[in-house]
**Q** 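Got a structure for you, questions after.
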Protein chains: 2
Amino acid sequence: MATIRDVAKLAGVSVATVSRVINKNGYVNQGTEQKVRKAIQQLHFEPNAVARGLASKRTGTIAVILPDITNPFFAEMARAVEDEARKHGFTVILCNSDDQGAKEKTYIEVLKKKYIDGIIFASQTLGKEDVAQMKKHNIPLVVLDRAPSEEDCSIVRSQNSMGAQVAVRHLLETGCRKIAHIYGPQEITTAKERLLGYEHAVKGFDWFTPTLMVPGNFRLDGGMKAVELLLEQHPDVDGIFAGNDLMAVGALKALHRLGIRVPDQIAVCGFDGIYLTEIMEPELTTVAQPIYEMGSLAAEILIQKINGTLQENQVCELEVSLIARNSTRRERMK
Amino acid sequence: MATIRDVAKLAGVSVATVSRVINKNGYVNQGTEQKVRKAIQQLHFEPNAVARGLASKRTGTIAVILPDITNPFFAEMARAVEDEARKHGFTVILCNSDDQGAKEKTYIEVLKKKYIDGIIFASQTLGKEDVAQMKKHNIPLVVLDRAPSEEDCSIVRSQNSMGAQVAVRHLLETGCRKIAHIYGPQEITTAKERLLGYEHAVKGFDWFTPTLMVPGNFRLDGGMKAVELLLEQHPDVDGIFAGNDLMAVGALKALHRLGIRVPDQIAVCGFDGIYLTEIMEPELTTVAQPIYEMGSLAAEILIQKINGTLQENQVCELEVSLIARNSTRRERMK
């Protein structure tokens with residue numbers, strides 16, 4: 001295999017010049033550059049990525065830190081990140097954090113040492129000091145699902161509070177008169193914003209009482225348990241808005257086991273728009289986020305930051321949209 | 001930040017000596033090593049992974065090439081790979097191939113240049129020449145779901161043909177008298193083996209005819225379309241064995257739309273054991289592979305190969321197990 005020295009010799013220039021051409025840094029005059037490129041071609045020289053990483057401190061690798069790839073929401077997002085990254089010649093390191101701060105911090109340490117070019121952070125416990133540290137080390141960062149201007153980084157998110165209000169309004173329109181909410185872990189921004197959106201939409205109604213808000217854990221089993229708890233206290237509930245689709249699927253399952261008909265007795269609406277909602281019976285109504293778009297936009301912004309074509313931090317809030325399906329398709333009741 | 005030169009200066013040794021200590025290669029006497037380690041500590045020197053990769057040709061990174069992370073089967077497997085890799089201090093690069101040979105080849109090229117330490121290949125179109133090339137470049141390789149001794153590499157797989165026979169026997173035992181099979185793409189080893197297993201189990205029966213085998217594509221929509229095709233030709237089918245769970249879920253959905261009761265009119269059994277089977281209504285019977293175990297075993301073997309603690313190629317065939325649920329729970333009929 002040809003080395004950088006062979007290229008330098010054939011082109012009649014120094015190794016440093018060849019390195020400048022390969023890494024596109026520093027001045028090389030056009031004639032020299034052409035000679036170097038010709039030599040590279042003739043010798044079938046392949047500059048290796050590790051050596052280039054060392055020289056340019058770039059490796060063509062980004063990382064995505066997310067809670068759990070087996071959650072379909074994050075699988076779709078990761079797929080989008082990887083598709084977009086590949087288009088630009090980047091590879092993607094996958095990190096499952098289980099939303100544990102300690103795991104996330106360990107990843108950041110490891111990734112820093114590997115000269116990762118940038119990080120997409122779809123996990124929740126990123127602290128201000130982490131952001132500051134990455135800034136210090138010049139590692140571009142895009143976070144998903146955070147409050148705008150909370151930290152000094154780019155953000156891709158969707159309309160959580162507004163989406164929750166859309167869900168409640170839809171349930172009211174289909175005739176529901178006592179609507180409960182299963183909320184996700186309150187340390188997670190999106191869960192909190194959706195809960196606030198629900199509260200805002202229902203607080204004016206006579207039937208509203210705080211015990212209509214029951215905790216879930218953003219997972220299937222959380223949705224199932226929440227339904228049991230809810231129906232003990234409020235057997236007359238006729239609508240459920242779940243803070244994410246996995247909990248809505250769990251709720252549907254629990255209702256089925258209890259012999260409660262959906263949507264006739266209780267209508268159910270989720271949030272996210274994962275494909276699971278479509279395969280359920282009845283199909284689930286959901287407030288859909290543009291999941292794939294969010295992942296691909298996050299990757300695009302990150303790569304622009306890495307390439308230096310984008311200077312300012314971006315905060316993008318994408319629109320959500322209600323997808324009405326059979327789980328809320330009921331006759332309007334008085 | 002301290003550099004390797006600072007460490008060398010403080011320890012009173014050459015940069016090459018420090019490098020030997022960091023990369024644990026070449027002889028360094030004990031006293032010198034202690035001096036170097038002390039200097040590293042004093043200066044808070046962090047040897048960077050890229051430089052070490054260049055020296056040792058190792059980067060602590062493995063790659064997993066799989067068809068599509070949004071398929072729950074591969075999401076669970078990737079999760080297992082990453083969990084196991086992290087335990088050993090490795091990070092994981094995720095590559096979605098969509099089972100396209102061209103994408104896979106591009107990945108192999110990119111990964112080679114990045115000094116990836118090893119590759120887990122869960123995609124299908126890996127050719128003999130790819131395996132040979134990786135061997136030439138000394139990149140350890142573990143493949144999932146291949147025929148044993150087909151190629152010169154380690155293999156982790158499960159009992160596909162046997163599992164198919166278990167599925168057919170179970171359907172017969174629950175009273176089915178005309179069992180169809182929806183098969184996956186025949187260029188995929190697992191799909192082929194399951195089809196052969198089905199054929200082997202049913203070919204002795206009077207009712208068997210080749211048109212009972214209908215193609216799917218290992219996806220939901222394939223399962224749905226296959227049911228329509230099947231019922232046109234064989235309205236009297238009373239059992240369906242789908243070559244994977246996603247197609248079984250699709251079949252269930254299509255049967256529901258056609259107003260056909262599962263399991264009373266048609267019993268359905270899938271293959272894989274993904275969690276989706278549990279959330280369906282009725283819950284799906286399936287031949288479960290130990291998905292997480294397969295992923296974690298593949299990572300373990302790969303890392304042993306990388307670390308040099310395992311020399312020989314391993315071929316591991318893991319057991320499958322029938323999980324009988326409501327989609328086949330019917331009264332025994334004559």
Side-chain angles (χ1 to χ4, degrees), chain A residues 46-54 57-61 63-64 68-72 74-83 86 89-96 103 106-107 109-116 137 220 246 249-250 252-253 256-257 274-276 278-283 292, chain B residues 1 46-55 57 59-61 63-64 68-72 74-83 86 89-96 103 106-107 109-116 220 246 249-250 252-253 256-257 274-276 278-283 292:
Chain A
E46 290 185 8
N48 88 55
V50 178
R52 291 184 63 184
L54 196 62
K57 304 231 169 182
R58 284 195 31 197
T59 54
T61 309
V64 57
D68 183 3
I69 194 73
T70 66
N71 176 334
F74 292 109
E76 191 172 337
M77 202 165 254
R79 174 72 215 229
V81 168
E82 207 260 308
D83 285 350
R86 180 176 43 211
F90 283 75
T91 47
V92 176
I93 289 188
L94 170 69
C95 309
N96 294 287
K103 273 194 190 176
T106 313
Y107 275 127
E109 279 310 304
V110 170
L111 297 173
K112 236 169 54 191
K113 286 191 199 158
K114 287 196 174 181
Y115 286 159
I116 264 6
H137 283 85
L220 278 172
L246 281 181
V249 167
L252 199 61
K253 194 151 182 69
H256 177 86
R257 284 196 184 160
I274 59 176
Y275 73 98
L276 275 194
E278 263 184 282
I279 66 171
M280 295 308 290
E281 196 43 55
E283 295 188 4
Y292 190 92
Chain B
M1 237 167 31
E46 290 183 7
N48 86 57
V50 176
R52 292 185 60 183
L54 195 63
K57 304 233 169 179
T59 53
T61 309
V64 56
D68 182 4
I69 195 73
T70 66
N71 177 335
F74 292 109
E76 191 172 337
M77 201 167 256
R79 173 73 214 229
V81 168
E82 207 260 311
D83 285 350
R86 181 177 42 209
F90 282 75
T91 48
V92 177
I93 289 188
L94 169 70
C95 310
N96 294 288
K103 273 194 189 174
T106 313
Y107 275 127
E109 279 310 304
V110 170
L111 297 173
K112 237 170 50 191
K113 285 189 201 162
K114 288 196 173 178
Y115 286 158
I116 263 9
L220 279 172
L246 281 181
V249 167
L252 199 61
K253 193 150 182 68
H256 178 86
R257 284 196 185 160
I274 58 177
Y275 74 98
L276 274 194
E278 263 184 281
I279 66 170
M280 295 308 291
E281 198 42 55
E283 294 188 5
Y292 190 92

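A note on names: the letters A, B, ... follow the listed sequences, proteins ahead of strands, and every chain is numbered from 1.
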**Q** Do the side chain of A/E82 and the main chain of B/N96 share a donor and acceptor less than 3.5 angstrom apart?
**A**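 Yes, the answer is positive, given that a donor and an acceptor are paired below the 3.5 Å cut-off.
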
**Q** Look at A/K253, A/K103, A/E76 and state which one has the largest set of heavy-atom pairs under 4.5 Å with chain B.
**A**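 Max contact count across the listed options: A/K253.
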
**Q** Give, as side chain, backbone, both or neither, the part of B/Y275 having an atom under 4.5 angstrom from any heavy atom of chain A.
**A**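 For B/Y275, the contact with chain A is made by the side chain alone.
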
**Q** Does any backbone or side-chain atom of A/Y107 lie under 4.5 Å from a heavy atom of chain B? Answer side chain, backbone, both or neither.
**A** side chain

**Q** Just give me the residue among A/K112, A/R86, A/M280, A/M77 that pairs up with chain B most often, heavy atom to heavy atom, under 4.5 Å.
**A**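 Most pairs with chain B among the choices: A/R86.
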
**Q** I'd like to verify something: which residue of A/N71, A/V64, A/T106, A/T70 has the highest number of heavy-atom pairs under 4.5 Å with chain B?
**A** A/T70

**Q** Suppose we screen for salt bridge (charged side-chain N to carboxylate O under 4.0 Å, His left out). Which residues come up paired with B/E278, at least two apart in sequence or across chains?
**A** none

**Q** How many angstroms lie between CD1 in A/I69 and CD1 in B/I69, if you round to the nearest 0.5 Å?
**A**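 One finds 4.5 Å between CD1 of A/I69 and CD1 of B/I69.
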
**Q** If you round to the nearest 0.5 Å, how far is CD1 of B/I279 from NE2 of A/H256?
**A**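 The distance works out to 13.0 Å.
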
**Q** Can you say whether A/L252 sits under 4.5 Å from chain B via the side chain, the backbone, both, or neither, judging by heavy atoms?
**A**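 The answer is neither part of A/L252.
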
**Q** Select one option (side chain, backbone, both, neither) describing which atoms of A/L276 are under 4.5 Å from chain B's heavy atoms.
**A** side chain

